[in-house]
Amino acid sequence: MSGSCALALILAALVLGTFSSAVFLWEWVVGAPTPLSALILLIGITGVFIKVFLVLKRRIPLLQVASVRHWVFHLLPAACMVIGLICSGIAVVRQARQEPNGEWDAFAVWNLHARFLYRGSEGAWKGIFAPVTWSNGGYPLLLPGLVNGAWTLVGDERPIIPAMLAIAFGALSIGIVWSGVSALARDERGWLSALVLLATPSFLYLFPDQTADIPIALYMLATMALLQFAEAWREVRRPMLVLAGLSAGFAAWTKDEGLLFVVAVLGSHLVTLALLRYWRDLRTNLTMIGLGLAPILALLISFKIFLIPGNNPVQTIGHASSAGRYWEILLGFYDAAKGFGGTWQGGIHPILLLGLFLLLYARPLRNLRPMSISLALVVPAMLGGYFLVYLFSSEGNLHDYIGGTLNRLCIQLWPASVFMLATGLLPTSTATANEIQ
Amino acid sequence: MSALLPTNGEYLIVSVLFAVYLALRLNIVPRIGGRRNSEIFLLVFLCGAISVNIGVHYRTVQRGYSRDKVLYAETLRSLSQVLPEGTRVGYVSDIKRSDRNAWLVRYFGTKYAVAPWVLEEGTVPNWVIVNAAVYDPRLIPDGMVLVRDFGEGLRLFRRKEE
């Protein structure tokens, strides 16, 4: 049941990404879509994904709930989840009403680009890429494309639409963590891992902000979840890998960090399977992931080549030899770690919550699955990538630059990290209840 | 300089509860200790800690999380309706860039309002928006005429036709 639910939620996220990409491609190649053509696109894409869902659902193994713990373990997390969802839901909606147009980046970048796409028919939308002050024209267009698509569908530029989409991305993240972890662990830890997300205030503050941080977090999470499903459910391994590639592609089409994520996922996969000498798995996995990734990567590369001026992440190598620069970046990472979660002045640090969660479920490491090892490397690879970006950045005030960005970068990785830690140490899905215990 | 460790009371309570958990886990008091009871205690402890954070988020939003409402004043909306078809519009403000927040609020608010016009700093384009806290005629060069004063420091100018 929770396996089907997780798959349905992930496919819903992929429908949003596919619809956004298709609407943007339509606008670029054919011209601005009409409400009717946008509706036909949405119905067609949704139909295809429903078919995929029905086919995969039949092949997902139905496994019994494995938990044999005390009844408190069944009741308390579920009750906390209900209360948490109500409280957080009220707070998120309230915040969305307080800032109906989102946070700075929403109207300076994401919704601004959506307006260009929506209002700028007949090519005026290419004004996004005009080299004027802080245009940020090089940012990928999944979120603006989706908002534009939704505005086109309803035929009006309603501010509530980006707000609702932003909340939907957040809700999908929580739902995927809950159902995905429940499906793989077959016990109550799905509730608890979703609760760890709900107990991260800075993650929830970002929902109504309408920026691309929550959407990219969702696609990173979906990629990790699909890769875990591919390993756990051998019956649907190949389609899950293709979908994981598609999801990773959407992460790259949401924000530039997504490209680093694609490199981290492929790189960690390559290193792990090569070191373990699983050559056949390596070839199959990379081919399947590549199949899903290819169309979105082609769109992204075309976008970078034909529409935007060059944007090299290595802005300068002058700082690489400066020891002070390394120290400053490390201090920035330390400050970001402290401030992570928004609980330093009140509340309990989410890493501490995760520690308690792991204390409850950690078992001796036996028969670790290659995919779990590979996914465990993704987050350190991402953090290493961020370190290098800061090292090669030409920003004058590095302290402010890191302070203004790193916290959100860490939040992007948070749902995927929680999912990975909650599922990464599990035995295979065919294990008995006693093995899981 | 922020402190090395957090100083709020929650962490003190967490430390005490963690010590209780360890005592139960190590079965220091055999009547109430042991693995099963310590796990139940840890679960209740974790759920309590989670509830504290959910409460922190709820209360913070209740206190108000609103920002930059000025950006979406009706004036900006009416400005976007007055602009004719075109591509670029100039932008002038009396607010210094060093006053980062005030400058950004006005600049991005205007930019967002006039999209898909491209907002270009300076007075080179034929249409120029003045978004000034205190209007000074010297902001606009000769040869431009006022099209409309929207109030709240927002004015639209157009170059005189030759």
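Chain A is the first sequence line, chain B the second, and so forth, proteins listed ahead of strands; every chain is numbered from 1.
- Atoms CD1 and CD1, on B/I54 and A/I86 in that order, are 11.0 Å from each other to the nearest 0.5 Å.
- Within the 4.5 angstrom heavy-atom criterion, no atom of B/R25 approaches chain A.
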Worked verdict on A/E188 versus B/L43 for side-chain contact (heavy atoms from CB on, under 4.5 Å) = CA-CA 11 Å; A/E188 68 292 328; B/L43 175 74; 5.6 Å; no
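- Rounding to the nearest 0.5 Å places CG of A/L359 at 5.0 Å from CG of B/L42.
- With hydrogens and angles disregarded, a donor-acceptor distance shorter than 3.5 Å links the side chain of A/R119 to the backbone of B/A115.
- Other residues, nucleotides and ligands contribute only 12 or fewer heavy atoms inside 6.0 Å of the CD1 atom of A/I160.
- Summarising the geometry, atom OH belonging to A/Y205 is positioned 3.0 Å from atom OG1 belonging to B/T60; distances are rounded to the nearest 0.5 Å.
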task = Would you please test A/L198 and B/I50 for side-chain contact (heavy atoms from CB on, under 4.5 Å) and show each step?
result = CA-CA 8 Å; A/L198 277 183; B/I50 284 169; 5.7 Å; no
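- There is no contact between B/Y91 and chain A, counting heavy-atom distances below 4.5 Å.
- Expressed to the nearest 0.5 Å, how far CH2 of A/W191 lies from SG of B/C47 amounts to 12.0 Å.
- Considering CG of A/L195 and CG of B/N53, their distance stands at 11.0 Å, rounded to 0.5 Å.
- Inter-residue side-chain proximity for B/H57 and A/V92 is flagged as met; some heavy-atom pair is nearer than 4.5 Å.
- Put simply, CD on B/E10 and CD1 on A/I348 are 6.0 Å apart, with the number rounded to the nearest 0.5 Å.
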message = Could you walk me through whether A/R94 and B/Y58 satisfy the side-chain contact (heavy atoms from CB on, under 4.5 Å) test, starting with their C-alpha distance in whole Å, then the side-chain angles of each, then the deciding distance to 0.1 Å, before giving a yes or no?
response = CA-CA 10 Å; A/R94 190 184 177 99; B/Y58 184 81; over 6 Å; no
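- Both the backbone and the side chain of A/F357 come within less than 4.5 Å of a heavy atom in chain B.
- When all heavy atoms of B/E39 and A/F73 are compared, the pair lying nearest together is O-CZ, 3.6 Å.
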query = Given the rule in the side-chain contact (heavy atoms from CB on, under 4.5 Å) test, do B/K111 and A/F107 qualify, once you have shown the distances and angles that lead to the verdict?
reply = CA-CA 9 Å; B/K111 196 171 173 175; A/F107 55 80; over 6 Å; no
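- With a 4.5 angstrom heavy-atom cutoff, B/R36 touches chain A only via side-chain atoms.
- Note: A/W104 and B/F108 have perpendicular aromatic rings, judged against thresholds of 30 and 60 degrees for the angle between ring planes.
- More than 12 heavy atoms of other residues, nucleotides or ligands sit less than 6.0 Å from atom CZ of B/F45.
- In this structure a side-chain-to-backbone donor-acceptor pair under 3.5 Å is missing from A/Q95 to B/V61.
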